[in-house]
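Working notes, beginning with the structure itself.
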Amino acid sequence: MGDEELAEALRVAIGDFVRRARAGDRMPPGQAAVLGHLDREGALSIADLARRERVRHQSMTRTVHLLGDQGRVELRPHEADRRQVVVALTAAGREALAAERRHRSAGIASAIRDDLDDEEREIIRRIPEVLRKLQPKP
């Protein structure tokens with residue numbers, strides 16, 4: 001198998017894996033993505049969140065308001081420019097995201113434990129490091 005064929009097989013396998021791993025999610029993907037951005041990057045404007053998710057500003061506004069109604073995010077004045085507003089993760093949002101991540105990880109851990117032999121588990125231990133090396137360069 002050449003590099004191109006290997007790359008395509010890897011792309012398909014990763015896509016299938018991600019779809020199956022997300023199948024049991026309890027939080028809508030758009031909301032989880034917003035909470036994830038805020039967790040990793042800190043407070044962001046609605047426009048920044050919309051750009052990261054490649055959605056319209058209006059769509060992101062709806063998502064942010066839904067998360068606000070659930071107590072998972074709050075709107076705050078921007079630290080440097082008080083005229084601007086940023087979206088910040090609340091403690092409840094951080095816990096909801098952590099619970100979703102634990103739920104997803106538990107499903108993957110169960111599959112590792114139940115469906116793989118020792119040799120396959122050893123291969124899996126190396127995959128995160130290898131995948132980080134394959135990330136496209138900016």
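Remember, it's a predicted structure, so these values are computed and weren't measured experimentally.
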What heavy-atom pair brings G71 and A92 nearest, and what distance separates the two atoms? O-CB, 3.5 Å
Option among L67, L97, I46 that satisfies the side chain to side chain contact (heavy atoms under 4.5 Å, CB included) test with V34: L67
Same hydrophobic cluster for V85 and L66, using side-chain heavy-atom links shorter than 4.5 Å among ILVMFWY? no
Does any part of the side chain of E53, heavy atoms only, come nearer than 4.5 Å to the side chain of T63, both counted from C-beta? no
What's the verdict on side chain to side chain contact (heavy atoms under 4.5 Å, CB included) for H65 and T61, showing C-alpha distance, side-chain angles and the deciding distance? CA-CA 6 Å; H65 286 295; T61 299; 3.3 Å; yes
L6, F17: one ILVMFWY side-chain cluster at the under-4.5 Å cut-off? no
Spacing of CG belonging to L44 relative to CZ belonging to R51, to within rounding of 0.5 Å: 9.5 Å
Connected via hydrophobic side-chain network under 4.5 Å: I108 and I123: yes
Which heavy-atom pair separates R104 from A21 by the least distance, and what is that distance? CG-O, 3.5 Å
Check whether R125 reaches the backbone of R121 with its side chain - one donor and one acceptor, N or O, closer than 3.5 Å. yes
Using a 4.5 Å cut-off on heavy atoms from C-beta on, say whether the side chain of M27 contacts that of Q70. no
Count I, L, V, M, F, W, Y as connected when their side-chain heavy atoms are under 4.5 Å apart, and connections chain through other members. Are L131 and V18 then in the same cluster? yes
Whether the side chain of E5 engages the backbone of G2 through a donor-acceptor N/O pair (distance < 3.5 Å, no angle test) should be reported. yes
List the steps and the verdict of side chain to side chain contact (heavy atoms under 4.5 Å, CB included) for L35 and V73. CA-CA 8 Å; L35 296 179; V73 300; 3.8 Å; yes
Using the test salt bridge (Lys or Arg N to Asp or Glu O under 4.0 Å), find all partners of R20 that sit at least two apart in sequence or belong to another chain. none
Hey, can you pull the donor-acceptor pairs under 3.5 Å for the side chains in residues 110-117, sequence neighbours left out?
{"unit_1": "S110", "atom_1": "OG", "unit_2": "D114", "atom_2": "OD2", "d": "3.3"}
{"unit_1": "D117", "atom_1": "OD1", "unit_2": "E119", "atom_2": "N", "d": "3.1"}
{"unit_1": "D117", "atom_1": "OD1", "unit_2": "E120", "atom_2": "N", "d": "2.8"}

Evaluate V87 against D48 for side chain to side chain contact (heavy atoms under 4.5 Å, CB included), listing each step before the verdict. CA-CA 10 Å; V87 183; D48 287 336; over 6 Å; no
Using the rule that two of Ile, Leu, Val, Met, Phe, Trp, Tyr join whenever any of their side-chain heavy atoms come within less than 4.5 Å, decide whether M60 and V86 are in one cluster. no
Once rounded to the nearest 0.5 Å, what's the spacing between atom CD of E95 and atom CG of L89? 11.0 Å
Does A99 offer a backbone N or O that forms a donor-acceptor pair with the side chain of R26 under 3.5 Å? yes
Please walk me through it: do D39 and R101 pass side chain to side chain contact (heavy atoms under 4.5 Å, CB included)? CA-CA 12 Å; D39 185 51; R101 288 173 172 168; 2.9 Å; yes
Just wondering, more than 12 heavy atoms not from D69 lying within 6.0 Å of its CG? yes
In terms of side-chain geometry, is the basic nitrogen of E100 or R22 positioned less than 4.0 Å from the acidic oxygen of its partner? no
Strictly below 4.0 Å, N to O, side chains only: are E129 and R132 in salt-bridge contact? no
